[in-house]
Peer 1: 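I'd like to ask some things about the structure below.
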Amino acid sequence: MIDLKYLQKNFDEASAKLIKKGVDELTLENLKELFKTLKSANATLEEAKSEQNKMSKLFGEYMREKKDITELKAKVNEKKEEIVRLQAIAREAQEALELVALAIPNFPDDSVPEGANEDDNIELKKVLEPRKFDFKPKEHWELAQINGWIDFERGVKLAKSRFSVLRGEAARLERALINFFLDVNREKGFEEVCVPFINNSTMLQGTGQLPKFEDDLFKIDGEDLYLIPTAEVPLTNLYNDEILTSKELPILLTGYTPCFRKEAGSAGRDTRGMIRQHQFDKVEMVAITTPQQSEEIFEMMVDNASEILTKLGLPHRVIELCGGDLGFSAARTIDLEVWLPGQDKYREISSISNTRDFQARRAKIRYKDGKKNVLVNTLNGSALAVGRTLVAIMENYQNEDGTIEIPEVLKNYM
RNA sequence: GGACAGUUGGGUGAGCUGGCUGAAACCACAUCCCUGCUAAGGAUGCGUACGGGUAACUGUACCGAGGGUUCGAAUCCCUCACUGUCCGCCA
């Protein structure tokens, strides 16, 4: 949730920022009006209540002094009707505002480049030179077939399309990667946590998946529960509605979870292979920081994810997302894209975002700064997406006969 | 899933024969004082959210959530959620 007071006071500046992210000015104009309406509705309501409270307090006095209360009672009853009316108005204003406000994305940082979509993203650097093959590198699904690593058909049978089964060495490699990632993260100071893979709607709203992106989520029938689309949800919301002390910050968390996404709207994209699945494993980093710390921690998280790829010997590049490609909650995002020789392109394998206080405002995560309660900054990033790493290893470490080498650092984990 | 008990501020925990309780007390925390040496003593402050005010301060709401009764509810009633215990079931 954006800071509505800021929007109201610095409307032109705020709308300029949000336009960068593709929000039209009319929506913002509307939002500003709704906020104003709510404020005045609340003011009149509170005034009426104040009067009524004062009158009510008199009853105690009157009773003790044995005075006649019939007149007072009539007056209070009159006020009461007015309050009921004002209450309805205030509530309507509140609901109308929330409907719009919760659907407004975060402000991008000033440093975020202008741009409409991924074509306008900026490559910051490349790490590691892609290997030269003296044969035509295969795509991972061919390799999967040759090695018997991925059983796409039976995954579909068990669930539906976009589900798959890892077998044998691939299953072991998946597990090895998870352990390897968690270990590296822990060495960097992240506390390892193991969390529920199902969260309730309050938490999903806290991190921004709800209410706007409900279609992307798997919901548990008849319950107020959803399968998590990323560990960012449980990790960040670990501190939902809490007031932390400044001493505790920064809080660095890492956790492995499967992630469940409906992938609504990506029909036809990446249908082949396991680049885009309804269920995939991911090791996530989450940081809860003061506003002052968040920049430095952000850099650290990017470096960490990049280092992991480097340790695995996977060529990748670092991409700064432009305003138009930025996610809903993000103020700034850096993507890591790994080289896939079979596909002959770089593909996203990690996305590290600073949401500033956007999620904190929704999730009510604050810390005590002296006497004041201040919203924390929350950051999240993959380190890394496990399934895509597996794909990257398959394609980068393939031999001409389709067999696959295991990266050196993983040998202790297999 | 069934039965009973509970859910109060950062924590422990009173209040629950309805008004003077936004909430005692204790702990934690913050500032100051004393003392001097690492542990203790004293004073004051200290819930959250939103609004008004330069500020002191002040208004409204919140005692698990949502409804209801009442002029007035932490206190009474209803529904739901959660926690605990016993039973059932089970990794």
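Each chain gets a letter, A, B and so on, in the order its sequence line appears, and its residues count up from 1.
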Peer 1: Which listed nucleotide (B:G59, B:A61, B:U48) is nearest to the side chain of A:Ser50?
Peer 2: B:G59
Peer 1: Roughly how many Å apart are B:G15 and B:U75, using the C1' atom of each and rounding to a whole number?
Peer 2: 8 Å
Peer 1: Using a cut-off of less than 4.0 Å, is there contact between a side-chain N or O of A:Asn53 and OP1 or OP2 of B:U60?
Peer 2: yes
Peer 1: Nearest 0.5 Å, please: how far is CG in A:Asp281 from CZ in A:Arg388?
Peer 2: 13.0 Å
Peer 1: Using the closest heavy atom to pick a nucleotide of RNA chain B for each, name whichever of A:Arg366 or A:Glu46 lands nearer the 5' end.
Peer 2: A:Arg366
Peer 1: Which sits closer to the 5' end of RNA chain B, A:Lys80 or A:Leu45, going by the nucleotide each is nearest to?
Peer 2: A:Leu45
Peer 1: Establish, for the pair A:Lys212 and A:Phe328, whether the NZ or CZ atom is under 6.0 angstrom from the six-membered ring centre and no further than 45 degrees off its axis.
Peer 2: no
Peer 1: Considering only the C1' atoms, how many Å lie between B:C26 and B:C32, rounded to the nearest integer?
Peer 2: 22 Å
Peer 1: Check every atom of B:G51, B:G19, B:G47 against the side chain of A:Lys368 and return the nucleotide holding the closest atom.
Peer 2: B:G47
Peer 1: Just the rounded figure in Å: distance from C1' of B:C50 to NZ of A:Lys364.
Peer 2: 13 Å
Peer 1: Using atom types as modelled and distance alone, determine if a side-chain donor or acceptor of A:Glu33 lies under 3.5 Å from a backbone N or O of A:Asn30.
Peer 2: no
Peer 1: Provide the distance between the two C1' atoms, one in B:G84 and one in B:A28, to the nearest whole Å.
Peer 2: 26 Å
Peer 1: With C1' as the reference atom in both, quote the distance from B:C87 to B:G9 in angstrom, rounded to an integer.
Peer 2: 36 Å
Peer 1: Would you mind reading off the distance between A:Asp241 atom CG and B:A65 atom P, rounded to a whole angstrom?
Peer 2: 11 Å
Peer 1: Suppose you measure atom C1' in B:U44 against the same atom in B:U60; what distance do you get, rounded to whole Å?
Peer 2: 28 Å
Peer 1: When the P atoms of B:G11 and B:A24 are compared, how many Å lie between them, rounded to an integer?
Peer 2: 15 Å
Peer 1: Classify the side-chain pair A:Thr289/A:Asn377 by whether it contains a donor and acceptor separated by less than 3.5 Å.
Peer 2: no
Peer 1: I need the CG-C1' distance between A:Leu34 and B:C50, as an integer number of Å.
Peer 2: 17 Å
Peer 1: Which helical stems does RNA chain B take part in, if a stem means at least 3 consecutive Watson-Crick or G-U pairs with both distances below 3.5 Å?
Peer 2: B:1-7 with B:81-87, B:10-12 with B:25-27, B:29-33 with B:41-45, B:47-52 with B:57-62, B:64-68 with B:76-80
Peer 1: Check every strand shown and say whether A:Asn373 touches a base, only sugar-phosphate, or nothing at a heavy-atom separation below 4.0 Å.
Peer 2: sugar-phosphate
Peer 1: Describe, in one word, how the ring planes of A:His278 and A:Phe163 are oriented to each other, choosing from parallel (under 30°), tilted (30 to 60°) and perpendicular (over 60°).
Peer 2: tilted
Peer 1: From CG of A:Asn240 over to C1' of B:U48, roughly how many Å is that when rounded to an integer?
Peer 2: 14 Å
Peer 1: Rounded to whole angstrom units, what separation is found between the CG atom of A:Leu86 and the P atom of B:G51?
Peer 2: 19 Å
Peer 1: Between B:G72 and B:G1, how far apart are the two C1' atoms, rounded to whole Å?
Peer 2: 41 Å
Peer 1: So A:Lys5, base contact, sugar-phosphate only, or nothing? Heavy-atom distance under 4.0 Å.
Peer 2: sugar-phosphate
Peer 1: In whole angstrom, give the distance that lies between atom NZ of A:Lys57 and atom P of B:A73.
Peer 2: 11 Å
Peer 1: Distance check needed: B:G52 P versus A:Asn42 CG, whole Å only.
Peer 2: 11 Å
Peer 1: Step by step, would you call A:Glu51 with A:Lys54 a salt bridge (Lys or Arg N to Asp or Glu O under 4.0 Å)?
Peer 2: CA-CA 5 Å; A:Glu51 281 173 46; A:Lys54 269 190 211 123; over 6 Å; no
Peer 1: Produce the list of close N/O pairs, under 3.5 Å, pairing protein atoms with atoms of nucleotides 66-69 of chain B; give distances to one decimal.
Peer 2:
{"residue": "B:G67", "atom": "OP1", "partner": "A:Arg91", "partner atom": "NH2", "Å": "3.4"}

Peer 1: Consider the side chain of A:Phe59, meaning its heavy atoms from C-beta on, and name the nucleotide among B:A49, B:A61, B:G19 that approaches it most closely.
Peer 2: B:G19
Peer 1: Can you confirm if the NZ or CZ of A:Lys282 lies within 45° of the ring axis of A:Tyr256 and under 6.0 Å from the centre of its six-membered ring?
Peer 2: no
Peer 1: Please work out if A:Lys39 contacts a base, only the sugar-phosphate, or nothing of the nucleic acid, heavy-atom cut-off 4.0 Å.
Peer 2: sugar-phosphate
Peer 1: Less than 4.5 Å apart, any side-chain heavy atom of A:Leu410 and any of A:Ile393?
Peer 2: yes
Peer 1: Expressed in whole Å, how much space separates the C1' atoms belonging to B:G64 and B:G53?
Peer 2: 35 Å
Peer 1: Determine, using ring centers only, whether A:Phe107 and A:Phe358 are less than 6.0 Å apart.
Peer 2: no
Peer 1: Would a 4.5 Å heavy-atom cut-off, applied to side chains only, mark A:Val286 and A:Leu379 as touching?
Peer 2: no
Peer 1: Among residues at least two apart in sequence or on other chains, which ones pass salt bridge (Lys or Arg N to Asp or Glu O under 4.0 Å) with A:Asp241?
Peer 2: A:Arg366
Peer 1: Let me know the distance between CG of A:Leu38 and C1' of B:A49, rounded to the nearest Å.
Peer 2: 13 Å
